[in-house]
Amino acid sequence: MSLSRLEANGVPMSSITLERSATLASAIASALAEARERTLTLVRPVSDADLRLQHDPLMSPIIWDLGHIAAFEELWLTRNLDGVIEFSEMPGLFNPFEHPRRVRGALVLPSLHDVIDTTEDIRRRVLALLHQVDLASHNPLLHDGYVYRMVLQHEYQHDETILQTLQLKQGEAYRAPRAWSPPPASLRLTPGDMVRFSGGEVVIGTHDRSAAYDNERPAHTVAVKPFAIDVTPVTNDQFVQFIDAGGYGDPRWWSDAGRRWLEESGCRAPKHWWSSGAGWTVRVMDRESVIDPQRPVCHVCYHEAEAFARWAGKRLPTEIEWEVAASWDASAGRRLDFPWGSEPASHLLANVDQLAFDTAPIGSYPRNVSPLGCYGMIGDVWEWTSSDFAAWPGFTAYPYAEYSQVFFGNEYKVLRGGSWATRPGAIRNSFRNWDYPIRRQIFSGFRCAADD
Ligand code: AVJ
Ligand code: FE
C-alpha cells in the first residue's frame with residue numbers, strides 16, 4: 001500500500017498528531033517496504049549482465065539506480081535525519097553530479113547481490129531510527145514524516161527512470177511484468193475538442209509541507225488571461241495526420257532549435273515507431289502492435305509537440321495554464337490536489353502506477369476529469385508545456401538545492417501530469433517535471449492550447 005493511499009479516509013497526514021505518530025511510523029514503514037518491493041518487481045526479470053550494462057548514453061546502468069536509491073535513503077534517513085545536514089548529495093560512487101549519466105557505465109559498480117545486501121542493511125538502520133524520531137517535531141524535515149515521503153518519492157521517480165532504460169535497452173526486450181490492463185474506453189471523447197477558461201485570478205502551486213517538493217511551493221495568486229485547451233492529450237491518430245500532411249518536412253511548423261534537432265536527429269516519427277507498410281507499428285517493452293489511434297501519442301520531444309501545435313493552428317499551454325486546467329475549481333474558487341478532487345491517485349482513477357505497461361485509449365478513465373472538463377491530465381503521458389523551468393515567486397530551496405534549484409533556467413521545459421510509468425505517490429496537480437526539449441526517452445506527449 002502506498003503512503004498516499006493510507007490517507008484515503010480523508011485525513012491528510014498533516015493533521016496527524018503526536019498521539020498518532022506511532023501509527024504514522026508504521027504507515028511509513030509499510031510504504032517503504034512497498035516501494036522497495038515494486039523496485040525489485042521491475043528489475044527481477046532483468047539479467048545481471050543487463051543490469052550492469054549502460055544501454056544508452058542518456059541512462060545509468062540500472063545497478064547504479066539501485067545503489068543510488070539506497071545511498072539517498074541512507075543519507076536522508078540515517079545521516080541527515082536530525083541536526084545539521086551534512087551533505088545534500090552523498091559523496092562517492094552514487095553522487096549524480098560527480099558522475100554524469102553518460103559515464104556511469106565505466107564505473108566499477110557492485111554486483112546485484114552486494115547492492116541488495118547494502119540496501120537491506122540500510123533499511124534495517126532506517127527502521128530502527130524511524131521508531132525513535134519525533135514525527136511531530138517542529139523540524140520541517142521530520143514534521144509529519146516529510147523526509148520519509150521525500151525518500152519514497154525519490155525511489156518512485158527512479159522506478160520511472162529505470163522503466164525508461166528498460167524501454168531503451170539493447171538486446172532482448174524487457175519481459176514486462178504486466179499486472180493489469182486499463183479498463184475499456186467508456187466515454188466517447190473527440191480529440192482536438194477544446195474547453196475555455198474565461199480568465200481571472202487563480203491559485204498556482206501549493207503550501208503543502210507533507211509531500212510537495214520545494215519547486216511546487218509556495219501557493220501564489222496569478223492573473224490568467226482567457227485561454228482554450230484540449231479536452232484530451234493529442235492522440236496517435238492526430239499525430240499520424242500531422243505526419244501524413246508532411247509535418248516533419250515543413251519548416252513553417254518548426255522553431256530554429258526544432259529545425260536543428262530535425263536535421264541532426266533525422267527523426268520523422270515518434271521514438272519507438274516504425275512504418276510497416278500498412279501503417280505504423282510501435283513497441284512498448286516486449287510488445288509490438290499496430291498503433292492504436294485512440295491512445296495519446298508518446299515519446300515525442302518538445303520540438304515535435306510544438307510543431308504539431310503550430311500545424312493544428314494552436315500552441316502548447318504554459319505550465320500555469322496547464323495547472324489551471326487541471327486544478328482550478330472556479331465554482332468553489334479554490335485549487336484541487338487532483339483533477340477529480342482530493343482522493344489520492346491510484347491506477348483505478350487514472351492510468352498510473354506502471355504495471356499496465358502502456359498508455360490507455362482516451363476516455364478509459366471517466367473520473368479522471370477536471371472541473372474545467374479536461375480528461376486524462378494525470379497519467380498516460382507527461383505533457384510538455386511551453387514554460388522554462390523556473391522558481392515560483394517566493395521559492396526557497398528545501399531541503400536540498402540539488403533537487404530543483406540548480407536546474408532552474410532556460411535549458412529545460414516543464415512537463416506535467418505524470419505518465420503510465422509514474423507511481424501515484426509521485427504525481428499531483430502541482431507536480432513539476434523537467435527535461436531538455438530534445439528528449440524523447442521519457443513517456444512524453446502533450447495537449448494543445450489556444451488564445452481565446
Ligand atoms: C525530476 C525526473 C528531472 O531524474 O533528474 C531523481 C528526479 N532527482 N533524483 C531526475 C530526480 C534526483 C529528476 N527529474
Ligand atoms: Fe536521484
Side-chain angles (χ1 to χ4, degrees), residues 35-36 39 42 56-77 80 87-102 104 107 109 115 119 122 147 149-168 211-217 299 301-302 319 352 354 381-385 387-392 395 397-409 411-423 425-428 430-444:
R36 186 57 41 79
T39 302
L42 295 181
D56 190 284
L58 294 180
M59 310 307 294
S60 318
I62 292 169
I63 203 84
W64 189 93
D65 285 280
L66 300 178
H68 167 83
I69 289 169
F72 191 85
E73 178 173 329
E74 179 178 47
L75 179 73
W76 286 98
L77 301 187
N80 285 347
F87 300 104
S88 51
E89 289 281 359
M90 48 286 171
L93 188 56
F94 296 115
N95 180 305
F97 296 93
E98 281 179 42
H99 310 287
R101 284 187 182 182
R102 64 181 182 284
R104 288 178 196 164
L107 296 171
L109 294 165
V115 168
T119 60
I122 292 169
V147 71
R149 289 160 182 270
M150 182 179 93
V151 168
L152 278 165
Q153 285 183 75
H154 183 256
E155 182 154 357
Y156 300 154
Q157 288 175 286
H158 274 274
D159 284 356
E160 182 159 355
T161 308
I162 289 170
L163 286 170
Q164 293 167 16
T165 308
L166 291 169
Q167 172 67 18
L168 287 169
Y213 278 115
D214 56 4
N215 68 46
E216 297 166 67
R217 292 194 299 266
H299 294 299
C301 72
Y302 175 84
E319 70 162 321
V352 292
Q354 308 171 338
V381 286
W382 287 100
E383 298 185 15
W384 287 107
T385 73
S387 302
D388 293 343
F389 187 44
W392 290 146
F395 167 87
Y398 186 81
Y400 71 117
E402 291 80 1
Y403 180 73
S404 333
Q405 194 175 32
V406 301
F407 299 103
F408 289 152
E411 281 187 80
Y412 296 96
K413 290 294 183 189
V414 172
L415 300 110
R416 293 298 203 103
S419 76
W420 63 261
T422 306
R423 299 230 54 202
I427 197 60
R428 49 200 165 259
S430 56
F431 191 97
R432 307 170 74 198
N433 194 5
W434 63 93
D435 211 334
Y436 291 115
I438 62 169
R439 291 295 193 245
R440 312 205 298 172
Q441 86 287 0
I442 41 180
F443 303 101
S444 51

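Remember, it's 1-based here, ligands and their atoms both numbered in the order they're listed.
Under the 3.5 Å distance criterion, with hydrogens and angles disregarded, no donor-acceptor pair is assigned to the side chains of His68 and His99.
A side chain to side chain contact (heavy atoms under 4.5 Å, CB included) with Gln441 holds for exactly one of Met59, Gln167, His299; it is Met59.
For Trp382 and Phe443, the gap between ring centers reaches or exceeds 6.0 Å. Here the two rings, on Phe395 and Phe408, have centers that are under 6.0 Å apart. In this structure, Tyr403 has its ring center closer than 6.0 angstrom to the ring center of Trp434.
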Could you pull out every N or O of ligand 1 that sits under 3.5 Å from a protein N or O, with the distance for each pair?
from	atom 1	to	atom 2	distance (Å)
ligand 1	9 (N)	His154	NE2	3.1
ligand 1	9 (N)	His158	NE2	3.2

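Aromatic ring orientation, His158 versus Trp64: tilted (interplanar angle from 30° to 60°).
Here the Fe ion (ligand 2) has protein N, O or S atoms under 2.8 Å from it, and they come to 3.
For Glu216, the salt bridge (charged side-chain N to carboxylate O under 4.0 Å, His left out) test picks out Arg428, with sequence neighbours left out. With sequence neighbours left out, the salt bridge (charged side-chain N to carboxylate O under 4.0 Å, His left out) criterion links Glu383 to Arg447.
Taking all atoms of both residues into account, the shortest heavy-atom contact from Ser444 to Arg439 is OG-O, 4.5 Å.
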